[in-house]
Amino acid sequence: MSEVRVRIAPSPSGNLHVGTARTALFNYLFAKKNNGKFVLRIEDTDAERTSQEYVDNIFDSLKALGLNWDEGPDVGGNYGPYTQSERFDIYPKYIQELLDKGFAYECFCTPEELEAEKEEATANKKAYVYSKKCENLTDEEKAKLRAEGRKPAIRFNVAKAQKAFHESSILKFDDLVKGELQMDTNLIGDFVIMKSNGAPTYNYAVVIDDALMKITHVIRGEDHISNTYKQILIFEALGFEVPRFGHLGMILAPDRSKLSKRHGATAVSDFVEQGYLTEALVNFVALLGWAPSDGEEVKPVDAIAADFRIGEISSSNSIFEYDKLRWMNSHYIKMLPMDTLKEMLKPYLTRYDLTELSDEQFTKMVEITREPLTLLSDITEAVPYFFGQDVEIDPEVQTEVLDLEESQKVLNDFVEKAQTWEWTEENLHNKLEEFRGTWKEQGIKPKATMWAIRAAVSGRTRGADMVGLLEVLGKERTIHRAQKSCKVAK
RNA sequence: GCCCCCAUCGUCUAGAGGCCUAGGACAACACCCUUUCACGGUGUAGACAGCGAUUCGAAUUCGCUUGGGGGUACCA
């Protein structure tokens, strides 16, 4: 069997969408599983809608996800160039071949004429199919139209190709994920393969590129199913080997509509910015339509690739549920090595003066605050009380905890006793326990005791482990803050 | 309108005629653990869209209906 070659061909008209990322992932997994090659091709035929900024975003996002390509615009390869706009000199040659073989013809119809045909079809409740009115234009007629200044587009002759290669008008193909798919070619109008301005259309350019790049398997979204029939016909008309196709269900938003910006993040780079780990994103997206054979859902890409079976991908659409992604993300954050986590957290701590903390203190702070993080960005709101001499007290905490008489008693006592404590983790742990004990004897619950201290030093009732917190704050600052919360000056 | 695809808990899914009184994960809820919050642990609730057909037997096969998605461009 020849080498498996798959590709991802994004159009740089926006940042890399998670849907595209999933398609890229499945192509990547298929390539890895079959020891094949994964090719990246940029489809920027439509110059108006594309930009270099998006190309860069696509590169960066794919790399961040770990979906490294074997051939592409930046790394090159034997079948380049890998950017469609750089391939424009390739396309006319095959157009000519199609013209010569009679599988294509010039069309001089104006947009108005075409529009009229469509309206008529709608009025008659029929599927719109191009009338083929330009199919048999004589040379004189063409010359006349040209003289009028009309520039022809080139259309593909569907019926001719169908008859040349198939007995029935029903065109079938065996889809890698959906099984046998079919379509009546009589319902496919002769479509344009080269615009009147000389630019190739999508359906034509992909075929040429896929054929020339020796792509063996085309794995893409099911929104391309209707294109597949057209493409198969072109492959055949040009004598190219038709690749296998596999169509994936779409990713939908929770409201079952197309996943768009109003639902939250949609671009990979948005997710990264919000504090998602690309490992979590990849893992999550792999689970949309595919299930691991051992039921173990959390696993790295390599393990997924080894277990990947394209025939077992679900053929239905799936909804992008942020909840599970968040769970996955928290899981991956927990697995992060301390040093890595520290570095990844820094971009979310820019509002604080990190020089206030020694590396040791910073490490400790992260250790005691990392547990509940769902997103890396959660760290921002989790640590304000580690900085500055004073701390902002939440108004509710003030009235419901600090203003309590028992809290005041505890705090006054704490300020006095803490002066004498040796400020080490072990000792603090013991002293705190002892401290809770003495107040318990006086009828104040350990919980209330701890809350009072926590509230005074952090301004909150929830947060990091107490011992660690006091350790990072240091003796002087802890007592300072505790004292400030005492109503009666000592 | 026309064409195509899809259909198991709220969500992602396991399930390829008897193993299914349908399994797992996320979310929800309850309890436990606990110096707060969290983490963790245990448990509860929750689905085969409907109707026909085939069969001794159907979530699994077929048809229809309904619902959802996609395509209908000189966009990609």
Side-chain angles (χ1 to χ4, degrees), chain A residues 9-13 43-46 48-50 84 107 109-111 114-115 118 121-129 151-155 175 178 181-184 187-189 191-203 205-206 221-229 247 249-250 252 254 256-258 284 287-293 295-298 312 314-328 330 334 368-374 382 401 429 432-433 435-436 445-455 458 460-467 469:
Chain A
S11 173
S13 56
E43 305 208 329
D44 58 347
T45 303
D46 191 350
E48 304 251 315
R49 307 194 321 171
T50 61
Q84 244 171 15
C107 170
C109 291
T110 62
L114 263 15
E115 194 52 45
K118 276 177 214 170
T122 312
N124 296 328
K125 298 194 174 186
K126 288 273 187 70
Y128 166 65
V129 178
K151 290 214 158 139
I154 311 295
R155 284 186 187 269
D175 191 272
K178 287 174 187 282
L181 259 27
Q182 53 176 273
M183 168 83 178
D184 186 349
L187 264 16
I188 304 174
F191 54 97
V192 172
I193 52 179
M194 184 170 271
K195 307 177 199 175
S196 53
N197 67 6
T201 61
Y202 166 76
N203 275 309
V206 234
E222 70 174 25
D223 48 339
H224 282 288
I225 290 179
S226 59
N227 290 327
T228 305
Y229 304 97
H247 292 93
M250 310 296 288
L252 269 27
R256 294 189 173 279
S257 68
K258 220 159 129 184
F284 170 72
L287 260 19
L288 260 29
W290 175 82
S293 57
E296 213 42 68
E297 296 190 324
V298 180
E312 289 173 33
S314 158
S315 49
S316 46
N317 294 340
S318 41
I319 291 172
F320 195 98
E321 195 57 73
Y322 289 88
D323 272 341
K324 188 152 184 178
L325 207 212
R326 292 169 65 83
W327 165 79
M328 186 74 79
S330 72
K334 285 181 184 60
I368 61 181
T369 51
R370 69 181 295 178
E371 196 75 340
L373 299 181
T374 296
V401 179
H429 181 83
L432 237 25
E433 196 175 317
F435 186 74
R436 283 197 297 276
K445 287 182 189 152
K447 195 166 170 172
T449 306
M450 296 302 277
W451 266 32
I453 301 170
R454 176 180 292 282
S458 76
R460 312 176 167 199
T461 53
R462 52 170 68 176
D465 167 72
M466 272 291 278
V467 174
L469 170 57

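Keep in mind that what you see is a predicted model, and the values were worked out from it rather than measured. In what follows, chains are A, B, ... by sequence order, proteins preceding strands, each numbered from 1.
In this entry the distance linking CD of A:Glu321 with C1' of B:C12 reads 9 Å, nearest Å. Atoms CG (A:Asp184) and P (B:C3) sit 10 Å apart, rounded to a whole Å. Protein atom CD of A:Glu297 is 16 Å distant from nucleotide atom P of B:U11, rounded to whole Å. Regarding A:Asp175, its CG atom lies at a distance of 16 Å from the P atom of B:C4, rounded to whole Å. B:C4 atom P lies 7 Å from atom CG of A:Leu187, rounded to whole Å.
Comparing the P positions of B:G68 and B:A76 gives an interatomic distance of 31 Å, to the nearest angstrom. For the C1' atoms, the distance linking B:U13 with B:C6 amounts to 15 Å, nearest Å. Using atom C1' as the reference point in both B:U11 and B:A27, the two lie 8 Å apart (nearest Å). Using C1' as the reference atom, B:U44 and B:C51 are 34 Å apart when rounded to the nearest Å. Using atom C1' as the reference point in both B:C29 and B:C75, the two lie 49 Å apart (nearest Å). Nucleotides B:C3 and B:U8 have their P atoms positioned 25 Å apart, rounded to a whole Å. Comparing the P positions of B:C37 and B:C31 gives an interatomic distance of 14 Å, to the nearest angstrom. B:C56 and B:G17 have their C1' atoms separated by 12 Å, given to the nearest Å.
Between the side chain of A:Tyr229 and the main chain of A:Gln182, a donor-acceptor pair closer than 3.5 Å is present. Panel note: side chain A:Thr201, backbone A:Val192; a donor-acceptor pair is recorded below 3.5 Å.
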Reading nucleotides 59-76 of chain B 5' to 3', which nucleotides get B (base under 4.0 Å from a protein heavy atom), which S (sugar-phosphate only), which -? ----------SSS-SBBB
With the sugar-phosphate defined as primed atoms, P, OP1 and OP2, and the base as all remaining atoms, what B/S/- string results for nucleotides 28-44 of chain B, 5' to 3', for protein heavy atoms under 4.0 Å? -------BBBBS-----
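Evaluation of the salt bridge (Lys or Arg N to Asp or Glu O under 4.0 Å) rule for A:Glu312 yields A:Arg309 as partners, not counting sequence neighbours. For A:Asp44, the side chain to side chain donor-acceptor pair (under 3.5 Å) partners are A:Ser85, not counting sequence neighbours. Evaluation of the ring-ring contact (aromatic ring centres under 6.0 Å, His included) rule for A:Phe191 yields A:Phe156 as partners, not counting sequence neighbours. Residues forming a side chain to side chain donor-acceptor pair (under 3.5 Å) with A:Glu321 (at least two apart in sequence, or on another chain): none.
A donor N or O paired with an acceptor N or O is found under 3.5 Å between the base of B:A25 and the side-chain atoms of A:Lys324.
Taking only side-chain atoms of A:Ser315, from C-beta outward, the nucleotide of B:C3, B:A7, B:C12 with the closest atom is B:A7. For A:Leu288, the listed nucleotide lying nearest its side chain is B:C12; candidates were B:C12, B:A14, B:C5.
B:U34 is unpaired under the criterion used here, namely a Watson-Crick or G-U wobble arrangement in which both key atom distances are under 3.5 Å. Nucleotide B:A73 forms a pair with no other nucleotide shown, judged by Watson-Crick or G-U wobble geometry with both contacts under 3.5 Å. Using the Watson-Crick or G-U wobble rule with both distances under 3.5 Å, B:U61 pairs with B:A53. Across all strands shown, B:C20 remains unpaired; no Watson-Crick or G-U wobble contact has both distances below 3.5 Å. Pairing for B:A7 is with B:U66, a Watson-Crick or G-U wobble pair whose two hydrogen-bonding atom distances lie under 3.5 Å. Figure legend. B:C29 is base-paired to B:G43; pairs are counted as Watson-Crick or G-U wobble with both atom distances under 3.5 Å.
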Apply the test side chain to side chain contact (heavy atoms under 4.5 Å, CB included) to residues A:Ile193 and A:Asn203: give CA-CA distance (whole Å), side-chain angles for both, the deciding distance (0.1 Å), then the verdict. CA-CA 7 Å; A:Ile193 52 179; A:Asn203 275 309; 6.0 Å; no
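Counting any heavy atom pair closer than 4.0 Å across all strands shown, A:Gly221 reaches no nucleic acid atom. Residue contacts shown for A:Ile453 are absent, as no nucleic acid heavy atom lies under 4.0 Å away.
Checked by atom type, the side-chain pair A:Thr45/A:Gln84 shows a donor-acceptor distance below 3.5 Å. For the residue pair A:Ser315 and A:His247, no side-chain donor N or O sits within less than 3.5 Å of a side-chain acceptor on the partner.
The 12-atom threshold is exceeded at NZ of A:Lys334, counting heavy atoms of other residues, nucleotides or ligands nearer than 6.0 Å.
By the 30° and 60° cut-offs, the orientation of the rings of A:Tyr202 relative to A:His224 is tilted.
Looking at which nucleotide of RNA chain B each of A:Trp290 and A:Lys126 is closest to, the 5′-most match is held by A:Lys126.
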